[in-house]
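To start, the structure itself, in structure tokens.
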Amino acid sequence: MQKFDTKMLVTAAILVAMAIILSRFCSINAWNIKIGFTFVPIVVAAYLYGPVVAGFVAGVADLLGALLFPIGPYFPGFTLTAVLSGILFGILLHKKQTVVRIIAAVSINQLVLGLLVNTFWISILYGSPFSALFAVRIVQCAVLLPVEFVVISAICKVFSKYGSRVLIGS
């Protein structure tokens, strides 16, 4: 069990703020598609602190972002998916980072959580047919799969070389 300390809480708060900024202001957003780098602070939290903190950062960022800077109506399913994404990254990337684990994390995140689960939430929220949304959201998945893999690989390489001091000077 990891000890929660001031440094971890401050780092988590900074990562929440970064995730909100990347999600709400630095992403391509439409009602049924979203392309951006919101995953970066979540992956950093997962790498540094594991699944619990990463899930917390992802969930709080999604909730606060939706309440403070709404793109559409708030739907708790997206927050649940964000938490699951953080937990997934934490499980696969916290202790050991290999190409296989990064591919697994990105694939499960994009194909299961992004393509299947979030498409299901959008179909419920807007009353659109799942199959039509699924076809459109394949484009998002096709774009984000390689992008997430390359960026997460780079993050893992930098952190393995320099440690957490690249983030907060520790």
Side-chain angles (χ1 to χ4, degrees), residues 7-94 97 102-103 105-115 117-119 121-122 125 136-159 162 164-170:
K7 181 178 173 183
M8 178 190 293
L9 291 174
V10 170
T11 304
I14 291 168
L15 293 171
V16 166
M18 288 173 58
I20 292 170
I21 291 166
L22 289 171
S23 173
R24 303 299 169 173
F25 303 111
C26 302
S27 295
I28 298 169
N29 292 310
W31 70 274
N32 65 343
I33 197 164
K34 185 175 190 175
I35 297 175
F37 292 93
T38 307
F39 65 93
V40 171
I42 311 309
V43 168
V44 171
Y47 184 97
L48 294 175
Y49 301 116
V52 173
V53 175
F56 176 80
V57 167
V60 170
D62 184 79
L63 180 63
L64 286 178
L67 295 176
L68 296 174
F69 309 103
I71 295 170
Y74 175 73
F75 186 75
F78 295 120
T79 303
L80 174 64
T81 305
V83 170
L84 293 174
S85 179
I87 291 169
L88 169 73
F89 284 135
I91 289 170
L92 291 172
L93 302 175
H94 178 54
Q97 306 79 38
I102 295 170
I103 289 171
V106 170
S107 298
I108 294 168
N109 184 53
Q110 282 302 311
L111 298 175
V112 176
L113 297 177
L115 189 57
V117 177
N118 276 348
T119 302
W121 297 141
I122 293 169
L125 184 61
V136 172
R137 289 178 51 83
I138 287 175
V139 173
Q140 172 183 318
C141 188
V143 169
L144 286 177
L145 268 166
V147 169
E148 275 193 18
F149 174 76
V150 169
V151 172
I152 291 171
S153 297
I155 290 169
C156 290
K157 184 180 257 187
V158 167
F159 275 103
Y162 298 107
S164 62
R165 65 183 176 271
V166 297
L167 183 64
I168 51 178
S170 41

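Note that the structure is predicted; figures quoted are calculated from it, not measured.
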Please round to the nearest 0.5 Å and tell me the distance separating atom [atom1] of [X] and atom [atom2] of [Y].
X	Y	atom1	atom2	answer
Asp62	Leu80	CG	CG	10.0 Å
Trp121	Phe78	CH2	CZ	9.0 Å
Ser23	Phe69	OG	CZ	10.5 Å
Leu48	Phe159	CG	CZ	5.0 Å
Asn118	Leu125	CG	CG	11.0 Å
Leu111	Leu144	CG	CG	11.0 Å

On a heavy-atom basis, which atom in [X] and which in [Y] lie closest, and how many Å separate them?
X	Y	value
Ala54	Ala45	CA-CB, 3.9 Å
Phe89	Ile152	CE2-CD1, 3.8 Å
Ala19	Ala61	CB-CB, 3.6 Å
Leu88	Asn109	CD2-N, 3.5 Å
Gln140	Gln110	O-OE1, 4.4 Å
Gly59	Thr79	O-CG2, 3.7 Å

_Derivation and outcome, side chain to side chain contact (heavy atoms under 4.5 Å, CB included), residues His94 and Tyr47_ = CA-CA 4 Å; His94 178 54; Tyr47 184 97; 6.0 Å; no
*In this structure, which one of Ile102, Ile155, Val44, Ile42 forms a side-chain contact (heavy atoms from CB on, under 4.5 Å) with Leu93?*
Ile102
*Using atom types as modelled and distance alone, determine if a side-chain donor or acceptor of Ser85 lies under 3.5 Å from a backbone N or O of Thr81.*
no
*Hey, does the side chain of Arg137 reach the backbone of Gly114 with a donor-acceptor pair shorter than 3.5 angstrom?*
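Flag set: sc Arg137 to bb Gly114 pair under 3.5 Å.
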*Do Tyr49 and Phe56 make the cut of ring centroids closer than 6.0 angstrom?*
no
*Assess whether side chain to side chain contact (heavy atoms under 4.5 Å, CB included) is satisfied between Val151 and Phe39, documenting all intermediate values.*
CA-CA 10 Å; Val151 172; Phe39 65 93; 3.8 Å; yes
*Are Ser27 and Thr38 side-chain neighbours, meaning at least one heavy-atom pair lies under 4.5 Å?*
yes
*Can you check whether Pro70 reaches Tyr74 side chain to side chain, under 4.5 Å on heavy atoms?*
no
